[in-house]
There are 2 protein chains.
Amino acid sequence: MSEPRWLDADQQRDWRAFVDGSVRLTELLDRDLKTKHGLSVSEYEILVRLSEAPERRLRMAELAEHASQSRSRLSHTCSRLESKGLVFRGGCPNDKRGVYAHLTDEGFDALDRAARDHVETVRDFFIDIIDPSDLAAIGRAFTAVNKRIGEAG
Amino acid sequence: MSEPRWLDADQQRDWRAFVDGSVRLTELLDRDLKTKHGLSVSEYEILVRLSEAPERRLRMAELAEHASQSRSRLSHTCSRLESKGLVFRGGCPNDKRGVYAHLTDEGFDALDRAARDHVETVRDFFIDIIDPSDLAAIGRAFTAVNKRIGEAG
DNA sequence: GAACACCTGTTGAAGATTCAACTAATTCTG
DNA sequence: CAGAATTAGTTGAATCTTCAACAGGTGTTC
């Protein structure tokens, strides 16, 4: 077995900055949303995607895809959101296997309140402290990552 | 309450690319390490930090800091790593409250094997598909994020 | 040096996520 | 159209993480 192509010093530094930073940032956003609005980031993400969908509803599989979650996880999380009254699930006329997750009015309001705080925190710890051209680079890079993962998966 | 400063279209696009990309990438790396070597990313991270420390050992609190984990989580994870024989914990002479986590030889070998595969995957889905100047931008940006979080926390 | 606040690390229970197994509906194939 | 293969979504158990409470050690203050 041949020697792998280890990262050089710069690559290693940049990769680690990203790993650390993204873990810490996610954790911070999560705690922020949780203490102020009782929502985890992944619950928030679900509400966002539903709010943007036509008629504020989405098939479970689509929602899972949009929110980067497994179907099983989405099922569990939706049950919780449903018991909080932020979401409800109803059948699908065309495909009797299918289930639509709908955002309730209450869910929309909760999202609206949360988003107002969330965007400030995202600015405070990310957007506003990054050079705009570096942000554009991040956009390009992670778009490429998503594309690559899509091809492989 | 005043209207928040929402993100503009570009910022939103870039931010979402990052959120999606980092979630998917982390998940992919996790599954990769888990199937090939039975290690989660956070276990791997712990082994890496220990391997780089003088005498391959670190106080629990330091290790938690380096690996971006809570102390409680580290305690639990170390118990698991210990029962796999990759780590062991021993007391600290100076401070009788303290505990050193040590990397065992077996742990070092397991890390070595895992790292060889891991670096290839990191290259395949991140380093090698990103323009080097964009990678540098990521390094700058997340260094700033870490600094910002450090100041606030 | 006694009383106090603070720090270190662990624990167990509650909560969330993963994994494999499952039901039921649709689609494909001959 | 029967039967096999896929797909949608859920479920419960195992695993992992978070949270609050705790035991014990350090250090500071008067």
Side-chain angles (χ1 to χ4, degrees), chain A residues 23-24 26-35 37-47 50 57-84 86-102 153, chain B residues 23-24 26-46 50 57-84 86-102 153:
Chain A
V23 167
R24 292 188 146 97
T26 305
E27 199 172 87
L28 185 147
L29 294 173
D30 205 58
R31 189 141 26 208
D32 188 60
L33 270 175
K34 226 173 268 175
T35 59
H37 300 279
L39 290 172
S40 68
V41 164
S42 60
E43 289 172 332
Y44 178 83
E45 207 65 25
I46 288 171
L47 300 185
L50 286 177
R57 61 171 200 176
L58 235 30
R59 287 285 295 270
M60 294 298 279
E62 279 179 295
L63 183 51
E65 176 60 24
H66 288 171
S68 309
Q69 295 187 11
S70 72
R71 292 189 188 185
S72 170
R73 178 176 172 184
L74 179 63
S75 248
H76 287 296
T77 307
C78 263
S79 300
R80 266 175 265 136
L81 289 173
E82 208 165 13
S83 73
K84 291 189 199 175
L86 308 183
V87 159
F88 77 90
R89 280 178 284 195
C92 171
N94 308 346
D95 185 342
K96 282 177 188 166
R97 294 168 304 181
V99 170
Y100 273 107
H102 304 252
Chain B
V23 167
R24 292 188 146 98
T26 305
E27 198 173 87
L28 185 147
L29 294 174
D30 205 59
R31 190 144 23 211
D32 188 61
L33 270 175
K34 225 173 270 176
T35 59
K36 292 184 188 155
H37 301 279
L39 290 171
S40 68
V41 164
S42 60
E43 289 172 332
Y44 178 83
E45 207 64 25
I46 288 171
L50 286 178
R57 63 173 197 174
L58 234 29
R59 286 285 295 271
M60 294 299 279
E62 279 180 295
L63 182 51
E65 175 61 24
H66 289 172
S68 309
Q69 295 188 10
S70 72
R71 292 187 189 184
S72 170
R73 179 175 171 184
L74 179 63
S75 248
H76 287 295
T77 307
C78 264
S79 300
R80 269 174 261 135
L81 289 172
E82 208 166 11
S83 72
K84 291 188 198 174
L86 307 183
V87 160
F88 77 89
R89 281 179 284 194
C92 171
N94 308 347
D95 185 342
K96 283 176 188 168
R97 296 167 303 181
V99 170
Y100 274 106
H102 304 252

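Only this structure's heavy atoms are used, side chains among them; waters, hydrogens and symmetry mates stay out. Below, read A as the first sequence line, B as the second, and so on, with proteins coming before strands; counting in each chain starts at 1.
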Given atom [atom1] of [X] and atom [atom2] of [N], what is their separation to the nearest angstrom?
X: R31(B); N: dT17(C); atom1: CZ; atom2: P; answer: 15 Å
X: D30(A); N: dA16(C); atom1: CG; atom2: P; answer: 11 Å
X: I46(B); N: dT17(D); atom1: CD1; atom2: C1'; answer: 12 Å
X: L39(A); N: dT18(D); atom1: CG; atom2: P; answer: 17 Å
X: E45(A); N: dA16(C); atom1: CD; atom2: P; answer: 17 Å
X: F88(B); N: dG9(C); atom1: CZ; atom2: C1'; answer: 17 Å
X: L63(B); N: dG9(C); atom1: CG; atom2: C1'; answer: 12 Å

Of all heavy-atom pairs between [X] and [Y], which one has the smallest distance, and what is that distance?
X: A101(B); Y: C78(B); value: CB-SG, 4.5 Å
X: L58(A); Y: H66(A); value: CD2-ND1, 3.7 Å
X: D30(A); Y: V41(A); value: OD1-N, 2.8 Å

(request) Using a 4.0 Å heavy-atom cut-off across all strands, classify N94(B) as base, sugar-phosphate, or nothing. (result)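 Sugar-phosphate only.
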
Taking the side chain as everything from C-beta on, heavy atoms only, tell me whether [X] gets closer than 4.5 Å to [Y].
X: I46(A); Y: L86(A); value: no
X: D95(A); Y: R59(A); value: yes
X: C92(B); Y: M60(B); value: no
X: R73(B); Y: S42(B); value: yes

(request) Could you tell me, to 10°, how much the axis swings from one end of the helix from dG1(C)-dC30(D) to dG30(C)-dC1(D) to the other, five pairs per end? (result)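 Axis-to-axis angle, ends of the helix: 20°.
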
(request) Decide if atom NZ of K96(B) counts as having more than 12 heavy atoms of other residues, nucleotides or ligands within a radius under 6.0 Å. (result)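 No, NZ of K96(B) has 12 or fewer neighbouring heavy atoms, counting only those of other groups under 6.0 Å.
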
(request) Let me have a per-nucleotide readout for nucleotides 3-16 of chain D, 5' to 3', with B, S or -, counting only protein heavy atoms under 4.0 Å. (result) ----BBSBBB---S

(message) Looking at E43(A) and L81(A), would you say the former's side chain and the latter's main chain have a donor-acceptor pair under 3.5 Å?
(response)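 Checked: no pair found.
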
(message) Closest-nucleotide mapping onto DNA chain D: is P93(B) or S40(B) further toward the 5' terminus? I mean the 5' end.
(response)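 Result: S40(B).
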
(message) Both S70(A) and C78(B) contact DNA chain C. Which one's nearest nucleotide lies toward the 5' end?
(response)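 Here C78(B) is the residue nearer the 5' end.
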
